[in-house]
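As structure tokens, the structure follows; a few thoughts come after it.
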Amino acid sequence: MEDLSLHILDIGENAVNAGASLIRITINENNEENTLFLKIQDNGVGPGLPMPARAAREADGNLTLRSEDGKGTTVLARFVLDHIDRKPLGNIAETLVSLIAAGGLEVDILYRHFKNGRDFLFDTRDLKKELKEVPITDPGVLKYLKEAVNNGLKDLIK
């Protein structure tokens with residue numbers, strides 16, 4: 001896989017298929033500490049992780065997995081931010097929209113991205129309340145969400 005967003009998508013889809021109702025994705029980039037942390041938590045069953053583990057090792061990082069039946073799984077990966085072999089984040093907005101489409105109305109996604117003390121939050125639970133009777137999987141809603149995430153991440157980089 002060419003970027004980290006594809007690993008996130010793979011783990012998220014595994015969680016959806018395992019019956020998770022909530023997937024929490026957190027990215028924390030810190031230039032001062034030269035680290036990038038990726039944390040994915042779900043309340044489903046543990047996913048297979050050989051590819052993201054290899055991606056972390058290639059960037060002088062590591063990956064840990066904690067899984068408990070009935071409680072869910074936590075994947076935590078650490079990367080050296082400026083390592084030449086660290087894969088780019090990739091298209092996070094497309095990944096989130098794909099997970100929303102895959103999970104439908106039954107799965108909520110909480111995405112939080114920290115970068116050098118700033119943060120961006122995206123929570124489908126809040127969006128579903130605002131949408132009321134319009135499904136979050138409506139193509140127009142998904143297009144809007146993709147644009148909103150892209151704009152939020154652009155503001156984070158400024």
Side-chain angles (χ1 to χ4, degrees), residues 1-31 35-49 51-56 59 61 63 72-79 81-83 85-158:
M1 291 188 192
E2 296 179 19
D3 58 55
L4 297 178
S5 68
L6 295 176
H7 292 295
I8 294 168
L9 180 60
D10 185 46
I11 294 168
E13 286 176 337
N14 287 341
V16 168
N17 292 334
S21 62
L22 177 62
I23 301 170
R24 296 173 188 262
I25 302 165
T26 305
I27 294 175
N28 191 339
E29 297 178 75
N30 188 314
N31 288 7
T35 56
L36 183 148
F37 285 95
L38 168 62
K39 185 176 185 178
I40 304 171
Q41 299 171 284
D42 70 59
N43 59 358
V45 181
L49 298 168
M51 291 171 59
R54 188 176 85 216
L63 184 138
T73 300
T74 299
V75 176
L76 180 61
R78 182 187 60 81
F79 302 85
L81 186 60
D82 69 357
H83 195 282
D85 291 325
R86 183 185 61 82
K87 297 185 182 326
L89 279 176
N91 193 334
I92 295 294
E94 186 70 38
T95 293
L96 294 176
V97 167
S98 295
L99 285 175
I100 292 167
L105 301 176
E106 294 78 34
V107 180
D108 285 307
I109 309 291
L110 172 66
Y111 176 78
R112 192 143 199 199
H113 194 134
F114 298 91
K115 184 164 177 128
N116 301 320
R118 300 180 67 180
D119 73 324
F120 168 71
L121 176 66
F122 174 86
D123 191 339
T124 59
R125 295 172 295 187
D126 296 334
L127 295 167
K128 286 176 181 177
K129 287 177 191 171
E130 288 182 36
L131 291 170
K132 296 184 175 126
E133 295 182 23
V134 178
I136 197 164
T137 55
D138 178 273
V141 172
L142 292 175
K143 181 180 178 190
Y144 168 79
L145 294 178
K146 184 177 176 182
E147 291 171 7
V149 170
N150 278 326
N151 289 335
L153 292 174
K154 283 178 189 171
D155 288 344
L156 187 65
I157 294 170
K158 290 181 184 177

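In this text, all values refer to a predicted model and were calculated from it rather than measured experimentally.
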*Starting from the C-alpha separation in whole Å, work towards a yes-or-no answer on side-chain contact (heavy atoms from CB on, under 4.5 Å) for His113 and Asp119.*
CA-CA 5 Å; His113 194 134; Asp119 73 324; over 6 Å; no
*Show your reasoning for whether side-chain contact (heavy atoms from CB on, under 4.5 Å) applies to Ile100 and Leu145.*
CA-CA 10 Å; Ile100 292 167; Leu145 294 178; 3.9 Å; yes
*Determine, stepwise, if the pair Phe114 / Thr26 fulfils side-chain contact (heavy atoms from CB on, under 4.5 Å).*
CA-CA 8 Å; Phe114 298 91; Thr26 305; 3.9 Å; yes
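Without hydrogens or angle criteria, Arg125 side chain to Leu110 main chain gives no donor-acceptor distance under 3.5 Å. When atom types are taken as modelled, the side chain of Asn43 and the backbone of Ser21 share a donor-acceptor pair closer than 3.5 angstrom. Panel note: side chain Asp10, backbone Leu6; no donor-acceptor pair is recorded below 3.5 Å. Checking side-chain atoms of Thr124 against main-chain N and O of Ile109 turns up a donor-acceptor pair under 3.5 Å. Between the Asp138 side chain and the Val134 main chain, no donor and acceptor come within less than 3.5 Å of each other.
Lys39 pairs by the salt bridge (charged side-chain N to carboxylate O under 4.0 Å, His left out) definition with nothing, not counting sequence neighbours.
Put simply, CG on Leu142 and CD1 on Ile136 are 7.5 Å apart, with the number rounded to the nearest 0.5 Å. To the nearest 0.5 Å, atom OG1 of residue Thr74 and atom CD of residue Gln41 are 4.0 Å apart. Here the straight-line distance linking atom NZ of Lys115 with atom CG of Leu36 works out to 8.5 Å at 0.5 Å rounding. Interatomic distance, CG of Leu121 versus OH of Tyr111, reported as 10.5 Å (0.5 Å rounding). Distance NE2/His7 to OG1/Thr95: 11.0 Å, rounded to 0.5 Å.
With contacts defined as side-chain heavy-atom distances shorter than 4.5 Å, the pair Leu4/Phe79 qualifies. Side-chain contact between Leu81 and Thr35 is absent, with no heavy-atom pair separated by less than 4.5 Å. Under the 4.5 Å side-chain criterion, counting only non-hydrogen atoms from C-beta, Ile25 is in contact with Ile23. Residues Glu29 and Asn116 fail the side-chain proximity criterion, which asks for heavy atoms closer than 4.5 Å. Contact annotation: the side chain of Arg78 never approaches that of Leu38 to less than 4.5 Å [non-hydrogen atoms, C-beta and beyond]. Contact annotation: the side chain of Leu105 approaches that of Pro135 to within less than 4.5 Å [non-hydrogen atoms, C-beta and beyond]. You'll find the side chain of Ile27 reaches within 4.5 Å of the side chain of Ile92, heavy atoms only. By the 4.5 Å heavy-atom criterion applied to side chains, Thr73 and Ile40 are not counted as neighbours.
Under 4.0 Å is where a charged nitrogen must lie from a carboxylate oxygen, and between Asp108 and Lys128 at least one such pair does. Using a cut-off of 4.0 Å between Lys/Arg side-chain N and Asp/Glu carboxylate O, Arg24 and Asp42 are scored as not salt-bridged. The residues Glu94 and Lys146 are annotated as salt-bridged, a charged nitrogen and a carboxylate oxygen being separated by less than 4.0 angstrom.
Annotation for Ser5 and Asn91: closest pair OG-N, 3.3 Å, computed over non-hydrogen atoms. When every heavy atom of Ala20 is checked against every heavy atom of Val107, the shortest pair comes out as O-CG2, 3.2 Å. Of all heavy-atom pairs between Gly104 and Thr137, the closest is CA-CG2, 3.6 Å. Between Val16 and Ala102, the closest heavy-atom pair is CG1-O, 3.8 Å. Here the shortest heavy-atom pairing between Leu99 and Glu13 reads CD2-N, 3.5 Å.
Ring-plane geometry between Phe122 and Phe120 is classed as parallel, the angle between the planes falling under 30 degrees on a 0 to 90 degree scale with a further cut at 60.
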